[in-house]
Participant: 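Just dropping this structure here.
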There are 2 protein chains.
Amino acid sequence: MNGRPTIKDVARKAGLSLSTVSLVLNKRENVSDETRRKVLDVINELGYYPQRSARGLASKLSGNIGFVLTDDHFTQAEPFYTKIFLGTELEARKYNYYVLLTTVARTVKETDEIPRFLLEQNVDGVIIAGRIGLSWIEYIRRFKLPLVLIDYDVARHNLSSVVMDNRGGAQLVVDHLHKGGHTKIGFVGGDLDHPSIAERYLSFRETMQARGLSLNGAWVQVDEADTRIRDGYEAMKKILNSADRPTAIFAANDAMAIGCIRCLKESGLRVPYDMAVVGFDNIEAGLYVEPRLTTINVHREEMGELALRRIMEMINHQNNVVTKTLAPVELVVRESCGIKTQEHGHQIPHTFSKQGGNHEDLAHGFGTGSRSADVSVGSGGTEHEPASER
Amino acid sequence: MNGRPTIKDVARKAGLSLSTVSLVLNKRENVSDETRRKVLDVINELGYYPQRSARGLASKLSGNIGFVLTDDHFTQAEPFYTKIFLGTELEARKYNYYVLLTTVARTVKETDEIPRFLLEQNVDGVIIAGRIGLSWIEYIRRFKLPLVLIDYDVARHNLSSVVMDNRGGAQLVVDHLHKGGHTKIGFVGGDLDHPSIAERYLSFRETMQARGLSLNGAWVQVDEADTRIRDGYEAMKKILNSADRPTAIFAANDAMAIGCIRCLKESGLRVPYDMAVVGFDNIEAGLYVEPRLTTINVHREEMGELALRRIMEMINHQNNVVTKTLAPVELVVRESCGIKTQEHGHQIPHTFSKQGGNHEDLAHGFGTGSRSADVSVGSGGTEHEPASER
DNA sequence: GTGAAAGCGCTAACAT
DNA sequence: ATGTTAGCGCTTTCAC
């Protein structure tokens, strides 16, 4: 931490004043090209880097962004939020910003620790990722810092957010099934309080109607308490009880879809031949069910990136307009939707993103011949196994 | 970011000087109790918090620790390093330190980005977690910052490290199998360049000898290129080719153990009845194989904690003695080792309808997502149930 | 376009 | 035990 060159050294060696060097450092316009060159040369020669805290103190900006995550989200096996964080971090480098990651309990309690970066004015903006207690959002708002939510939103708070295009995704699913010949499509959901689930559900209904497909109440089960495997299983059971059955199920997320598949298998039904199933989220487990799950994918890193860019805009331009950013989604076609059945050898329609194949590399396990040829979009993937040498 | 009270305001309101307030802030001894009380009261009243950058500039300490992780480690599904990071972060709060998480490629390339916190003197110490290119270690060493490795070590670099007790773990495994009546124990490994794998292997040999158990060369397969499922599968195949077969296999990690189990099942052998299998690491996937895997667990958060404490010692006391810290491990007994099953002679229930499914907690993003990774353990033999509700 | 000077909010000698 | 006084390394008016 010692003996490293300071801006003073640069100024002296360049035969210029501190302020001129500072202007160059901050990429201001009013510096002659010649001067700029000279300063840059000296900086390079000396291996100079401006020191963070000094900068922060003088500029009133910390150069940090706070990234808040509930602990359960951070440590869950599905690396959803870690990837979002990674996207944010990578993007932040371009702005020479740091991301301070902190986890919190779901809701603020009196006794709880408040992220210190708020109290110490150590961040210029805050990103909150994932569903979190309203109390946290309200608490953090009071600091009057630029704030962006990722993968979550609260209608009544009018905050900027980056969420995946849930509506678009639901539309992709319905259209895909429809094109595949399905007209009797059911929906399985739960926890409609969650904005993402609610949007998927609403968009499902809208798209069905827009395509002239009729909705059957018995095929739509959205009253489950949660959106986990068990809930999907239970919802599927109810649907199977109806006299007339749908030929395809759209599950509000992959966990529920997996539950549906289990239920169908237990009932002796074959997926996708007797019933097609499509999920949402593209979690890794979707690759391990049989048949592998057709689902909707979103580029997680991109979401983190978008949020960071938005925050930086707010910081740099005092631009506090509330924006709702939609991260594009794509359909990942695997076996569970039954469009390309091996029996009939149908082709996969062109409308599907080629990038879907990228996610195949999540494939787990190794081919010992047990798995039939992949029916997937894009190139075959590299195999990937759980942590070996970590 | 404005109008917040400064140390000046506190001093004025308390009728004291700046330095006295500063002394209180920094918990120095030479302040009368009365004065301290008064200052603390005013601080509370004003809601004052010292500002990070100002502190940093004056004290020459950034108040940050750099946490370096290779990107593949960070985003892998097994939340091993995220939990270590979490442990570090939680512990850092106690010291009022921030942890700057950054990911890097495996090895330093000329074109690569160097973690900026090094260049900007924005950290007081660095933690590197997981196996990483030597070039990185060498590069970072040059900054002369306190440095601690987690879950990795490089013999010739004489660095402080926190690693799990690999030798102790291997001993636990051998002793457990031995006590269960096994005397013919095989070992499956690979990539002996990895210090953890090498230690497990060496300790396996040592313990076997110490217990008077003979080693059969045909039962020890450590030449696989890697330590993944596939490698375990191949190694197991070789062992099964030997005329005389062991009754138990100790795999160098869980991935390999899973490979062993697959191979055994394909060969029509029953685990644990025909062959017991024990792994190492306690990865989640070990809960989803059938039978569920007996393994060695380490408290990940604790490892992160220990490293942070060590770094703080180095920073605060200029204590640069090199220390090797062992994080304690524990045996997690499940069905694959056959000990418990034999004793109690019960079947292994493993159906969705009864247990709620192994993937019950895969729900991501939304939903409750609580994954109680409770590892109830001990050679005491407590049965460990996967996180699932009913 | 460049320089001089005044801080930013804190810590750390050094006095008292 | 408390106060005085310099800075820490940078940004930012404001002159010129």
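Each chain gets a letter, A, B and so on, in the order the sequences are listed, and its residues count up from 1. Any value given below was found using the heavy atoms of this structure, including those in side chains, with hydrogens, waters and symmetry copies removed.
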Participant: What's the closest nucleotide to the B/R55 side chain, out of D/dT11, D/dG9, C/dC10?
Facilitator: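 Looking only at side-chain atoms, B/R55 lies closest to C/dC10.
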Participant: Which nucleotide in the list C/dC10, D/dG3, C/dG1 gets nearest to the side chain of B/I7?
Facilitator: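 So the nucleotide nearest the side chain must be C/dC10.
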Participant: Calculate the interatomic distance between A/L61 atom CG and C/dG9 atom P; express it in whole Å.
Facilitator: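 Nearest whole value for this atom pair: 13 Å.
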Participant: Is any side-chain N of the basic residue among B/R37 and B/D41 closer than 4.0 Å to the acidic one's carboxylate O?
Facilitator: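 Salt bridge: yes.
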Participant: Take atom NZ of A/K94 as the centre, draw a 6.0 Å sphere, and report whether it contains more than 12 heavy atoms from other residues, nucleotides or ligands.
Facilitator: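 Above 12, so yes.
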Participant: What does A/L23 touch in the nucleic acid at a heavy-atom separation under 4.0 angstrom: a base, only the sugar-phosphate, or nothing?
Facilitator: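 The answer is base, as A/L23 lies within the cut-off (heavy atoms under 4.0 Å) of a base atom.
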Participant: Measure CZ/A/R36 against P/C/dT2 and give the value in whole Å, please.
Facilitator: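 It is 9 Å, rounded to the nearest whole Å.
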Participant: Would you say A/N30 reaches C/dT2's phosphate, i.e. side-chain N/O to OP1/OP2 under 4.0 Å?
Facilitator: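 No, no such contact exists.
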Participant: Under 4.0 Å: is that the gap between some side-chain N or O of B/T35 and OP1 or OP2 of D/dA1?
Facilitator: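 So the side-chain polar atoms of B/T35 never come under 4.0 Å of the phosphate oxygens OP1 or OP2 of D/dA1.
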Participant: Using the closest heavy atom to pick a nucleotide of DNA chain D for each, name whichever of B/S19 or B/L57 lands nearer the 5' end.
Facilitator: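 Nearer the 5' end of the strand: B/S19.
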Participant: Measure the distance from CG on B/N26 to P on C/dA13 and round it to the nearest whole Å.
Facilitator: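 Spelled out: CG on B/N26 to P on C/dA13 is 12 Å.
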Participant: If you pin A/R28 and B/E34 to their nearest nucleotides in DNA chain D, which one's is more 5'?
Facilitator: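 Closer to the 5' end of DNA chain D: B/E34.
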Participant: How many Å lie between CD on A/E29 and P on C/dG1, as a whole number?
Facilitator: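 It works out to 10 Å between those atoms.
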Participant: Figure out the CG/P separation between B/D9 and C/dC8, and round it to whole Å.
Facilitator: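 Checked: the CG to P distance equals 11 Å.
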Participant: Closer than 4.0 Å, any side-chain N/O of B/S22 to the OP1 or OP2 of C/dT11?
Facilitator: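 Yes, within the criterion.
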Participant: Return the nearest nucleotide to the side chain of B/S17; candidates are C/dC10, D/dG9, D/dT2.
Facilitator: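 For B/S17, the side-chain atoms sit closest to D/dT2.
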Participant: Rounded to the nearest angstrom, tell me the gap between atom NZ in B/K27 and atom C1' in C/dC10.
Facilitator: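 So the two atoms are 16 Å apart, to the nearest Å.
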Participant: Between B/F67 and B/F85, does the ring centroid distance fall short of 6.0 Å?
Facilitator: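 Yes, ring centres under 6.0 Å apart.
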Participant: So, is A/T20 close to the C/dT2 phosphate, meaning a side-chain N or O under 4.0 Å from OP1 or OP2?
Facilitator: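 No, A/T20 has no side-chain N/O under 4.0 Å of OP1/OP2 on C/dT2.
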Participant: OP1 or OP2 of C/dC10 versus the side-chain N and O atoms of B/Y49: is any pair under 4.0 Å?
Facilitator: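 B/Y49 to C/dC10 OP1/OP2: no side-chain N or O under 4.0 Å.
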Participant: Got a sec: does the OH of A/Y49 have more than 12 other heavy atoms crowding it under 6.0 Å?
Facilitator: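 Open.
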Participant: At less than 4.0 Å, is any side-chain N or O atom of A/T6 found next to OP1 or OP2 of D/dG9? Yes or no.
Facilitator: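 No, no such contact exists.
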Participant: Whole angstroms only, please: what is the CD-C1' distance between A/E120 and C/dC10?
Facilitator: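 Value for this atom pair: 13 Å.
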Participant: So, OP1 or OP2 of C/dG9: does either fall under 4.0 Å of a side-chain N or O from A/K60?
Facilitator: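 Checking C/dG9 against A/K60, a side-chain N or O does come within under 4.0 Å of OP1 or OP2.
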Participant: Would you say CZ of A/R141 has more than 12 non-hydrogen atoms from neighbouring residues, nucleotides or ligands within 6.0 angstrom?
Facilitator: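 Check passes, neighbour count above 12.
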Participant: Please give, in whole Å, the distance from D/dC10 P to A/L18 CG?
Facilitator: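 Nearest whole value for this atom pair: 9 Å.
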Participant: Do B/R93 and A/T102 meet the criterion of a side-chain donor-acceptor pair at a distance under 3.5 Å?
Facilitator: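 A/T102 and B/R93 do have a side-chain donor-acceptor pair below 3.5 Å.
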